[in-house]
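Note that the structure is a prediction, hence the values are computed from the model and not measured.
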Amino acid sequence: MLQAPRGTNDLIGEEAASHRRVEETAREVFESFGYEEIRVPVFEDVRLFQRSVGIATDIVEKEMFTFGSQEEGGETFALRPEFTAGVVRSLVERSVLQHKPFLKLWYIGPAFRKERPQKGRLRQFHQIGAEVFGSPDPLADTETLVVFTTILSRLGVAHAVRLNSIGCPSCRPAYRERLKKEAAGQLAERCDNCKNRYGRNVLRLLDCKNERCRALSEMLPGPLEMLCLPCRVHIDAVQKHAAAEGIVAAIDKRLVRGLDYYTRTVYEVTCPALGAQDAVGAGGRYDGLVEELGGPPTPAVGFAGGIERLVLAMQPPASAGNAAAVFAIYISPDLKERVFRIANRLRRKGISVAMLFDGHSLRSQFRAANRSGAAYALILGEEEARAGKVKVKNLKSSEEKEWPEDDLDSAFPPT
Ligand code: HAM
């Protein structure tokens, strides 16, 4: 039997509804903060991710789904492992920032990483995210945090925010050298991954998840200790503005993130109840990326949240949600087509109606109506049909009334 690829999900019914709830909540919040939507391709030239996410990152080294195109002269493409690179590519390619030097964008969609699948970690997952272009102000960093935590609160996701600064091109090189020096003596005791990263991306030693390596990282200086004054002032302001919004953003000196484009602010938002894959979202500032990809110097900051993890963490909605309001029942099969037409008439008036088609007894129709969560059953029998009437039963109170068939929509109060 053919099976879905490992690390992918089929979303049916309730599961799709949960994803939609996250998407709709996010959309409402993004728009209330004045962000505009952007949709970018699901695949891009692989070099885009190499130049932005970085060649020495796990994502680019081992997690991209790449494929070639014979017709197009051997170009290599990659399914997007994240959105930020594609968003920046699009703005640069279309010279958008020359006309709109301050721009706030949001997006929703699938992303792909060839990771080892486990709970909360998929190969096709979905992100919601936002990016702010054109402002170096720490208020922009804080705004992205406010946007994301507002979405989390509306979904009932308990969360904690960890914050750090990884400096800028003027202070990071000196920090990197110091880290290399101090970590050199630890290498023999560190895991193979750290040994491998030491030469190519030494900052990532700090966030190795291996227990022994974590303990060793505690003894190393964090980037915060060697920030230049403007970077220090910036991160202090982000934290202060966040606190004023009621967001407790605790400094985590080991937080460095797995993507290379960041400058200054980085943050991660976790939901501790989720277990091993507890990051529901993350983000930060990337002041050099637009220019790196050929655009005008443009400061930028943004975040992305993982929809699958948000679904695992969110509180169920107060009401069952998507049950039809009315369940339409025919007493005998000859009346099925008439009920079908009544149902469609009601649907055109905005009333949601469910019904069964094939070979269902009256009993099974009633059972289905009761299970469906519908508030009303609409019942058509021979006698009512002859009189141009329909029986309407309130499924909670069991109260029944007869209504003229052509005035039926007034039988159902708006919910
Ligand atoms: P990221 O930390 O790589 O950042 O991903 C953001 C979120 O996507 C994670 O916190 C997690 O919730 C979700 N996620 C990532 N990988 C998986 C996976 N394999 N399965 C399920 N969920 C996953 C970025 O992607 C950056 N582009 C964020 C950003 C936007 N920074 C600035 N702007």
Margin query: Less than 6.0 angstrom separating the ring centers of Tyr376 and Phe412, yes or no?
Written below: yes

Check: Under 3.5 Å, is there a donor-acceptor pair between the side chain of Arg113 and the main chain of Gln124?
Finding: no

Check: Could you go step by step and tell me if Phe366 and Phe327 meet the ring-ring contact (aromatic ring centres under 6.0 Å, His included) rule?
Finding: CA-CA 9 Å; Phe366 267 109; Phe327 204 100; 9.1 Å; no

Item checked: Ala324 to Ser352 - nearest heavy-atom pair and separation -> CA-OG, 3.4 Å

Notebook entry, point to check: Rounded to the nearest 0.5 Å, what separation is found between the CE atom of Met64 and the NZ atom of Lys114?
Noted result: 9.0 Å

Check: Got a salt bridge between Asp236 and Lys240, using NZ or NE/NH1/NH2 to carboxylate O under 4.0 Å?
Finding: no

Check: Just wondering, more than 12 heavy atoms not from Leu139 lying within 6.0 Å of its CG?
Finding: yes

Next item on the list: Taking Tyr175 for its side chain and Pro221 for its backbone only, find out whether a donor-acceptor pair lies under 3.5 Å.
Entry: yes

Note to self: Against Ser217, only a single residue in Gln186, Arg190, Lys253, Arg212 fulfils side chain to side chain donor-acceptor pair (under 3.5 Å); can you say which?
What the structure shows: Arg190

Next item on the list: May I ask you to say whether Arg39 pairs ionically with Glu37, meaning some side-chain N is under 4.0 Å from a carboxylate O?
Entry: yes

Item checked: Spacing of CG belonging to Leu274 relative to NZ belonging to Lys119, to within rounding of 0.5 Å -> 6.5 Å

Next item on the list: Mark yes when over 12 heavy atoms from residues, nucleotides or ligands other than Lys389 sit less than 6.0 Å from its NZ; otherwise mark no.
Entry: no

Notebook entry, point to check: Would you call Glu268-Arg162 a salt bridge at under 4.0 Å N-O?
Noted result: yes

Notebook entry, point to check: Donor-acceptor pair, Thr270 side chain versus Asp278 backbone, under 3.5 Å?
Noted result: no

Margin query: Return the OG1 to CG distance between Thr263 and Asp287, rounded to the nearest 0.5 Å.
Written below: 4.0 Å

Next item on the list: Ignoring hydrogens and angles, tell me if any N or O in the side chain of His19 forms a donor-acceptor pair with the backbone of Ala17 under 3.5 Å.
Entry: no

Checklist line | Closest non-hydrogen atom pair, Arg264 against Cys231 | finding: NE-SG, 3.2 Å

Item checked: 4.5 Å side-chain heavy-atom contact, Leu380 and Ile329 -> no

Next item on the list: Would you indicate whether the side-chain heavy atoms of Ile351 and Asp409 approach each other to under 4.5 Å?
Entry: yes

Note to self: How long is the straight-line distance from CG of Leu312 back to CD1 of Ile307, given to the nearest 0.5 Å?
What the structure shows: 12.5 Å

Check: Okay, side chain of Ser18, backbone of Glu14: is any donor-acceptor separation there less than 3.5 Å?
Finding: yes

Next item on the list: Any chance you could lay out the side chain to side chain contact (heavy atoms under 4.5 Å, CB included) test for Leu346 and Leu408, step after step, and finish with the verdict?
Entry: CA-CA 8 Å; Leu346 287 173; Leu408 204 50; 4.1 Å; yes

Check: Can you name the nearest heavy-atom pair linking Ala56 to Asn201, along with the distance?
Finding: O-ND2, 3.3 Å

Next item on the list: May I ask you to test the Leu103-Val96 pair for a side-chain heavy-atom distance under 4.5 Å?
Entry: yes

Note to self: Less than 4.0 angstrom from a charged side-chain N to a carboxylate O is my criterion; do Arg178 and Glu182 meet it?
What the structure shows: yes

Next item on the list: Mark yes when over 12 heavy atoms from residues, nucleotides or ligands other than Glu337 sit less than 6.0 Å from its CD; otherwise mark no.
Entry: no

Item checked: Which atom of Leu310 lies closest to which atom of Val157, heavy atoms considered -> O-CG2, 4.2 Å

Check: Looking at side-chain heavy atoms only, is the closest gap between Arg172 and Leu203 below 4.5 Å?
Finding: yes

Next item on the list: Name the orientation class of the two ring planes belonging to Phe112 and Phe65 (parallel below 30°, tilted from 30 to 60°, perpendicular beyond 60°).
Entry: perpendicular

Note to self: I'd like to know whether CZ of Arg47 has more than 12 heavy-atom contacts from other residues, nucleotides or ligands below 6.0 angstrom.
What the structure shows: no

Notebook entry, point to check: Does Arg80 reach the main-chain N or O of Val40 with its side chain, forming a donor-acceptor pair under 3.5 Å?
Noted result: yes

Note to self: Counting C-beta onward and ignoring hydrogens, is there a side-chain heavy-atom pair between Arg204 and Arg257 closer than 4.5 Å?
What the structure shows: no

Check: Is Glu44 reaching over with its side chain to a backbone N or O of Leu79, donor-acceptor style, under 3.5 angstrom?
Finding: no

Check: Between Lys391 (side chain) and Ala377 (backbone), is there a donor-acceptor pair under 3.5 Å?
Finding: no

Check: If you measure from CZ on Arg89 to CZ on Phe49, what distance do you get to the nearest 0.5 Å?
Finding: 9.0 Å

Checklist line | Test: Arg197 and Asp192 ion pair at under 4.0 Å | finding: no

Note to self: Run Thr8 and Leu122 through side chain to side chain contact (heavy atoms under 4.5 Å, CB included) and show every step you take.
What the structure shows: CA-CA 6 Å; Thr8 66; Leu122 291 120; 5.8 Å; no

Next item on the list: Evaluate the side-chain proximity of Val290 to Pro297: yes if any heavy-atom separation is below 4.5 Å, no if none is.
Entry: no

Notebook entry, point to check: Just by distance, do the side chain of Ser398 and the backbone of Asn394 share a donor-acceptor pair under 3.5 Å?
Noted result: no

Check: Can you name the closest pair of heavy atoms from Pro173 and Pro169 and give their distance?
Finding: CD-O, 3.1 Å

Margin query: Heavy-atom count check: over 12 atoms from other residues, nucleotides or ligands less than 6.0 Å from Glu211 CD?
Written below: no

Next item on the list: With rounding to the nearest 0.5 Å, note down the distance linking CG in Leu48 to CD in Gln50.
Entry: 9.5 Å

Check: Do Asn344 and Arg347 have side-chain atoms, one donor and one acceptor, less than 3.5 Å apart?
Finding: yes

Note to self: Does atom NZ (Lys401) have a neighbourhood of more than 12 heavy atoms from anything else shown, all under 6.0 Å?
What the structure shows: no

Margin query: Whether the Thr265 and Asp141 side chains hold a donor-acceptor pair (N or O, under 3.5 Å, no angle test) is what I'd like checked.
Written below: yes

Checklist line | Asp10 atom CG, over 12 foreign heavy atoms within 6.0 Å | finding: no

Next item on the list: Using distance alone, with no hydrogens and no angle criterion, decide if Gln118 and Arg121 have a side-chain donor and acceptor under 3.5 Å apart.
Entry: yes

Check: Can you find a side-chain donor-acceptor pair between Thr84 and Glu131 that sits under 3.5 Å?
Finding: yes

Note to self: Quick check on Phe340: does its CZ atom have over 12 non-hydrogen neighbours (other residues, nucleotides or ligands) under 6.0 Å away?
What the structure shows: no

Check: Thr298 versus Glu291: any side-chain heavy-atom pair under 4.5 Å?
Finding: no

Check: Checking side chain to side chain contact (heavy atoms under 4.5 Å, CB included) for the pair Leu259/Ile59: CA distance, chi angles, key distance, verdict?
Finding: CA-CA 8 Å; Leu259 302 95; Ile59 296 179; 4.1 Å; yes

Next item on the list: Test side chain to side chain contact (heavy atoms under 4.5 Å, CB included) on Tyr330 and Met355 and set out the steps.
Entry: CA-CA 9 Å; Tyr330 40 92; Met355 71 176 282; 3.7 Å; yes

Item checked: Side-chain (Asn210) to main-chain (Cys213) donor-acceptor, under 3.5 angstrom -> yes

Check: With a 6.0 Å cut-off on ring centres, are Tyr35 and Trp106 close enough?
Finding: no

Margin query: Less than 4.5 Å apart, side chain to side chain, heavy atoms only: is that true for Val60 and Thr57?
Written below: yes

Notebook entry, point to check: Is Arg123 salt-bridged to Glu115, going by a charged N under 4.0 Å from an acidic O?
Noted result: no

Notebook entry, point to check: Which residue, Phe148, Tyr107, Tyr262, Tyr267, forms the ring pair (Phe, Tyr, Trp, His ring centres under 6.0 Å) with Phe303?
Noted result: Phe148

